[in-house]
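The structure appears below as structure tokens.
Starting from 1, each residue takes its place in the sequence as its number. Every number for a ligand or one of its atoms is a count from 1 in the order of the listing.
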Amino acid sequence: MSKATKTPRKRPQYAAITAVHGYVPPDVLTNAKLAQMVDTSDQWIVARTGIKERRILTGAGLGTSHMGAQAVRGLLAKTATPASAVELLICATTTPDFVFPSTANLICDMAGIRNVGSFDVQAACSGFVYALTIAAQFIASGQYRKIVVVGADKMSAIIDYTDRATCVLFGDGAGAVLVEPSRRYGIIDTLLCSDGSGMRHLHQKAGGSRMPPTAETVAKRLHYVHQEGASVYKFAIARMADVAVALMKRNRLLSEDIDWLVPHQANKRIIEATAKRMKLSADRVMMTIHKYGNTTAATIPLCLWDYEARLKAGDRLLMAAFGGGFTWGGLYLTWAYDGKRK
Ligand code: ACO
């Protein structure tokens, strides 16, 4: 046996995000336009949520996969990665184009990625954190070396634009990251949580196997997001901070050790409360809610895309998310590169 074959292959230490790209549709839905549709005002929306506008995907026949594919194409182009080099694609979404096939499957086809594993992850607003955690395991095991993780949602497809308590909150968008092994930088710790008893506060009543679609369910508007805002708010504000603080504690991190909080963008007040419990100043908190609203699984990769130019190799990032289910979770990682990847 040669010397080379005797030496065991070193396992990669970390799964690192080595590039990020995003896509938001061009159509802007402002608070002023919403105020013409329902009984609300720019002042109420900004004060209670921090949202000023959001993007809406319009155009017949365009679903979540359209935005996901745009983000993935951009990601591959900016990293000069041939589609044939991608080994696995995971898409976090709550608004798949179809019940089946998976949106990941469709994105692969649109982006020219052939014959690789692809699947969706459904964990509502925590979906990207869940999908990235799964990708990290495949990298750590040594099975794959190039994984694309997408967070994409067309929330406008399941929002009731006569319900002022939910329609002001959500927008459409997609973000994608490339995950590769690295000895130096990457994901250090992950934490996933869920509590199915929270379902009653935030869910879509009809359209699934429990209540398949009928003319009656459509007439009763049961295919839209049902959210009891105040109850969800109470859980979200506690759980997002819990997960961030738990990750800090078990990694022995003080607030000054964190360069960036990358929070799910559901409500500016929830984000500020999380930062406060972490004792983190506002200049270290990524915030895109004012321009995109809550894009569900896309909020965290869209934050990374927006702030990419300001990130440096070795920056310590803490991601935290909370969503329907309930689901919540977070990741602690070091960023792998300086500035914007061309
Ligand atoms: N414009 C004007 N008034 C409004 C609007 C609106 N768009 N929406 C609600 N109101 C009214 C309510 O009717 C209520 O009036 P009332 O007192 O006369 O009954 C009043 O404002 C206060 O309503 P609350 O629901 O108590 O308002 P709150 O301060 O809680 O803000 C909000 C509402 C923004 C929805 C907040 O509860 C929230 O952010 N919830 C959490 C959302 C979230 O995190 N979701 C999880 C992720 S989503 C996912 O996983 C898919």
Side-chain angles (χ1 to χ4, degrees), residues 29-54 64 92-96 121-131 151-173 192-196 198-205 207-208 223-244 263-274 287-290 292-300 302 320-330:
L29 179 57
T30 62
N31 289 350
K33 277 192 210 163
L34 275 167
Q36 292 167 4
M37 295 156 63
V38 289
D39 181 14
T40 191
S41 65
D42 175 56
Q43 196 194 3
W44 191 96
I45 301 170
V46 172
R48 305 295 261 222
T49 72
I51 303 167
K52 295 192 171 95
E53 59 186 42
R54 67 287 292 139
T64 297
T93 187
T94 303
T95 50
V121 168
Q122 213 287 53
C125 293
S126 313
F128 185 77
V129 162
Y130 271 64
D153 269 300
K154 183 187 171 186
M155 291 305 287
S156 63
I158 56 166
I159 293 299
D160 183 350
Y161 285 94
T162 66
D163 173 8
R164 68 176 181 173
T166 55
C167 74
V168 302
L169 301 174
F170 294 96
D172 302 336
L192 301 180
C193 308
S194 71
D195 175 2
M199 176 276 229
R200 64 186 182 278
H201 303 294
L202 178 55
H203 64 291
Q204 188 183 344
K205 289 182 190 291
H223 302 267
Y224 294 124
V225 171
H226 165 84
Q227 175 169 272
E228 295 155 15
S231 311
V232 177
Y233 185 84
K234 246 185 273 167
F235 278 97
I237 214 160
R239 297 290 174 260
M240 248 181 63
D242 286 349
V243 87
H264 169 56
Q265 312 276 310
N267 187 317
K268 190 170 183 235
R269 291 184 291 151
I270 296 172
I271 297 169
E272 286 169 349
T274 303
M287 195 82 81
T288 57
I289 192 162
H290 53 289
Y292 302 144
N294 182 352
T295 53
T296 303
T299 60
I300 288 181
L302 282 176
F322 179 88
F326 295 131
T327 56
W328 62 103

* Asked: Which atoms of ligand 1 sit under 4.0 Å from any heavy atom of Val232?
  -> 41 (C), 43 (C), 44 (O), 45 (N), 46 (C)
* Are the side chains of Ser156 and Tyr161 in touch, meaning some heavy atoms are under 4.5 Å apart? -> yes
* Side chains of Met240 and Pro263: does their closest heavy-atom pair fall under 4.5 Å? -> yes
* Give the ring-plane orientation class for Phe326 versus His201, where under 30° counts as parallel, over 60° as perpendicular and anything between as tilted. => parallel
* Is the closest side-chain donor-acceptor distance between Thr95 and Thr64 under 3.5 Å? -> yes
* Does the Arg54 side chain pair with the main chain of Val168, one donor and one acceptor, at a distance under 3.5 Å? -> yes
* Could you list the residues that satisfy salt bridge (Lys or Arg N to Asp or Glu O under 4.0 Å) with Asp42, not counting sequence neighbours? => none
* Asked: Does the distance from a Lys or Arg side-chain N to an Asp or Glu carboxylate O, for Asp39 and Arg164, drop under 4.0 Å?
  -> yes
* Would you call Tyr233 and Arg269 a side-chain contact if the rule is heavy atoms closer than 4.5 Å? -> yes
* Structure fact -> The closest protein heavy-atom partner of atom 31 (O) of ligand 1 is Arg269 NH2, 3.6 Å
* Provide, to 0.1 Å, the distance between atom 14 (C) of ligand 1 and the closest protein heavy atom, together with that atom's residue and name. => Arg164 NH2, 4.7 Å
* Gly324 heavy atoms, cut-off 4.0 Å: which ligand 1 atoms fall inside? -> 49 (C), 50 (O)
* Asked: For atom 48 (S) of ligand 1, which protein heavy atom lies nearest, and how many Å away is it?
  -> Cys125 SG, 3.3 Å
* Asked: So among Thr94, Thr296, Leu202, which one has a side chain to side chain contact (heavy atoms under 4.5 Å, CB included) with Val225?
  -> Leu202
* If you measure every N/O of Gly229 against every N/O of ligand 1, is any gap under 3.5 Å? -> yes
* **Backbone or side-chain N or O of Gln227 under 3.5 Å from ligand 1 N or O** => yes
* To do: Provide, to 0.1 Å, the distance between atom 25 (O) of ligand 1 and the closest protein heavy atom, together with that atom's residue and name.
  => Ala230 N, 4.2 Å
* Asked: Which of the atoms of ligand 1 are close to Ala266, meaning less than 4.0 Å from one of its heavy atoms?
  -> 43 (C), 44 (O)
* **Taking atom 33 (C) of ligand 1 as the reference point, the nearest protein heavy atom with its distance** => Trp44 CH2, 4.0 Å
* **Region of Val225 that comes within reach of ligand 1 [heavy atoms, distance under 4.0 Å]** => neither
* In terms of atom number and element, which parts of ligand 1 are under 4.0 angstrom from non-hydrogen atoms of Ile270? -> 44 (O)
* Asked: For the side chain to side chain contact (heavy atoms under 4.5 Å, CB included) test, which of Ile271, Ile51, Asn294, Leu302 pairs with Gln265?
  -> Ile271
* Asked: Hey, are Asp153 and Thr295 close enough side-chain-wise for a donor-acceptor pair under 3.5 Å?
  -> no
* Asked: Taking both backbone and side-chain atoms of Asn267, is any N or O found less than 3.5 Å from an N or O belonging to ligand 1?
  -> yes
* Structure fact -> Atoms of ligand 1 under 4.0 Å from any heavy atom of Gly323, numbered from 1 in the order shown, are 50 (O)
* Structure fact -> So for Tyr233 against ligand 1, with non-hydrogen atoms under 4.0 Å, the contacting part is both
* Test item: Thr30 side-chain N/O and Lys33 main-chain N/O as donor-acceptor pair under 3.5 Å -> yes
* To do: Please identify which atoms of ligand 1 are closer than 4.0 Å to at least one heavy atom of Val168.
  => 7 (N)
* Go through the steps for Thr327 and Phe322 under the test side-chain contact (heavy atoms from CB on, under 4.5 Å), then give the verdict. => CA-CA 6 Å; Thr327 56; Phe322 179 88; over 6 Å; no
* To do: Would you verify that at least one protein heavy atom lies under 4.0 Å from atom 3 (N) of ligand 1, or report that none does?
  => yes
* Could you tell me whether atom 18 (O) of ligand 1 has at least one protein heavy atom nearer than 4.0 Å? => no
* Number the atoms of ligand 1 from 1 as they appear, then name those within less than 4.0 Å of a heavy atom of Thr49, with their elements. => 34 (C)
* Asked: Hey, does Arg48 come in under 3.5 Å of ligand 1, counting only N/O atoms on both sides?
  -> yes
* Using a 4.0 Å heavy-atom threshold (strictly under), name the region of Leu202 that reaches ligand 1: side chain, backbone, both or neither. => side chain
* Structure fact -> In ligand 1, the atoms that come under 4.0 Å of a heavy atom of Thr40 are 1 (N), 2 (C), 6 (C), 7 (N)
